[in-house]
Amino acid sequence: MDISIIILNYKSRGLTLNCIKSIKEADFNNLKYEIIVIDNNSNDSIREILSWQYQDVKFIQNKKNIGMGAGNNVGIKAAIGKYIVIMNPDTIAFTDT
């Protein structure tokens, strides 16, 4: 695995889904990547949507909102990529990013 992309979700379901969609549509020049979404107890149905729409996305549910830094650290610990990319949910990846 070349890249682990970490996205922390907290009540930003729509933005998170747009971010994932943009990653899937971007060209990473044949690099292998994984997407890890950590949810800080949003209760916004993101788990159900991901399990239906993006089965290959790793999902981690926090029992409470532990904040941005700690939430991203949860994703980093689960990552297997050589490189880590932390993307905010409102970030969009473009082709050849």
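Predicted, not measured: the structure shown is a model, and the values here were computed from it.
Two residues are said to be in side-chain contact when any heavy atoms from C-beta on lie closer than 4.5 Å; Ser45 and Arg13 meet this criterion. Side-chain contact check for Val37 versus Ile6: every heavy-atom pair is 4.5 Å or farther apart.
Taken to the nearest 0.5 Å, the CD atom of Glu48 stands 13.0 Å off from the CD atom of Gln53. Ile35 CD1 to Cys19 SG: the interatomic distance, rounded to the nearest 0.5 Å, is 7.5 Å. Here the straight-line distance linking atom CD1 of Ile20 with atom CE of Met87 works out to 10.0 Å at 0.5 Å rounding. The line from CG of Leu15 to CG of Asn18 is 6.5 Å long, rounded to the nearest 0.5 Å.
Val57 and Phe59 fall within the same hydrophobic cluster, where Ile, Leu, Val, Met, Phe, Trp and Tyr residues are linked whenever their side-chain heavy atoms come under 4.5 Å apart, directly or through other members. Under a hydrophobic-cluster definition in which Ile, Leu, Val, Met, Phe, Trp and Tyr are linked whenever side-chain heavy atoms come within less than 4.5 Å, directly or via other members, Leu8 and Tyr10 are assigned to different clusters.
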I would like to know whether Lys82 and Ile3 meet side chain to side chain contact (heavy atoms under 4.5 Å, CB included); could you show each step before the answer?
-> CA-CA 6 Å; Lys82 182 177 179 182; Ile3 304 170; over 6 Å; no

Margin query: Determine whether Ile7 and Ile38 satisfy the following criterion, side chain to side chain contact (heavy atoms under 4.5 Å, CB included), listing intermediate values before the conclusion.
Written below: CA-CA 6 Å; Ile7 305 169; Ile38 301 88; over 6 Å; no

With side chain to side chain contact (heavy atoms under 4.5 Å, CB included) as the test, would you mind laying out the steps for Tyr83 and Leu31 before giving the verdict? CA-CA 11 Å; Tyr83 300 101; Leu31 293 174; over 6 Å; no

For this session: Could you please spell out the steps behind the side chain to side chain contact (heavy atoms under 4.5 Å, CB included) verdict for Tyr54 and Ile49?
Result: CA-CA 8 Å; Tyr54 297 111; Ile49 295 168; 6.0 Å; no

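There is a side-chain donor-acceptor pair under 3.5 Å between Asn9 and Asp44. Side chain to side chain, Asp27 and Thr95 fail the donor-acceptor criterion of an N or O pair below 3.5 Å.
Shortest non-hydrogen contact noted between Lys32 and Asp2 is N-OD2, 2.7 Å. Residues Ala93 and Ala26 share a closest heavy-atom pair of CB-CB, 4.1 Å. Closest of all the heavy-atom pairs between Glu34 and Met1 is N-SD, 3.4 Å. The heavy-atom pair separating Tyr33 from Ile5 by the smallest distance is CD1-CD1, 4.0 Å. In this structure, Ala78 and Lys58 approach most closely via the heavy-atom pair O-NZ, 3.7 Å.
Looking at Thr16, its side chain does come within 3.5 Å of a backbone N or O of Ser12 through a donor-acceptor pair. Side-chain atoms of Ser22 never come within 3.5 Å of backbone atoms of Ile92 as a donor-acceptor pair (strictly under, hydrogens ignored).
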Output side-chain donor-acceptor pairs under 3.5 Å for residues 60-71, partner residues at least two apart or in another chain, one line each.
| residue | atom | partner | partner atom | Å |
| --- | --- | --- | --- | --- |
| Gln61 | NE2 | Asp39 | OD2 | 2.9 |
| Asn62 | ND2 | Asn40 | OD1 | 2.7 |
| Asn65 | OD1 | Asn40 | ND2 | 3.2 |
| Asn65 | OD1 | Gly67 | N | 3.0 |

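For Lys21, the salt bridge (charged side-chain N to carboxylate O under 4.0 Å, His left out) test picks out Glu25, with sequence neighbours left out.
Paired with Asn72 under the rule side chain to side chain contact (heavy atoms under 4.5 Å, CB included), one option of Ile86, Ile84, Ile36 passes, and it is Ile86.
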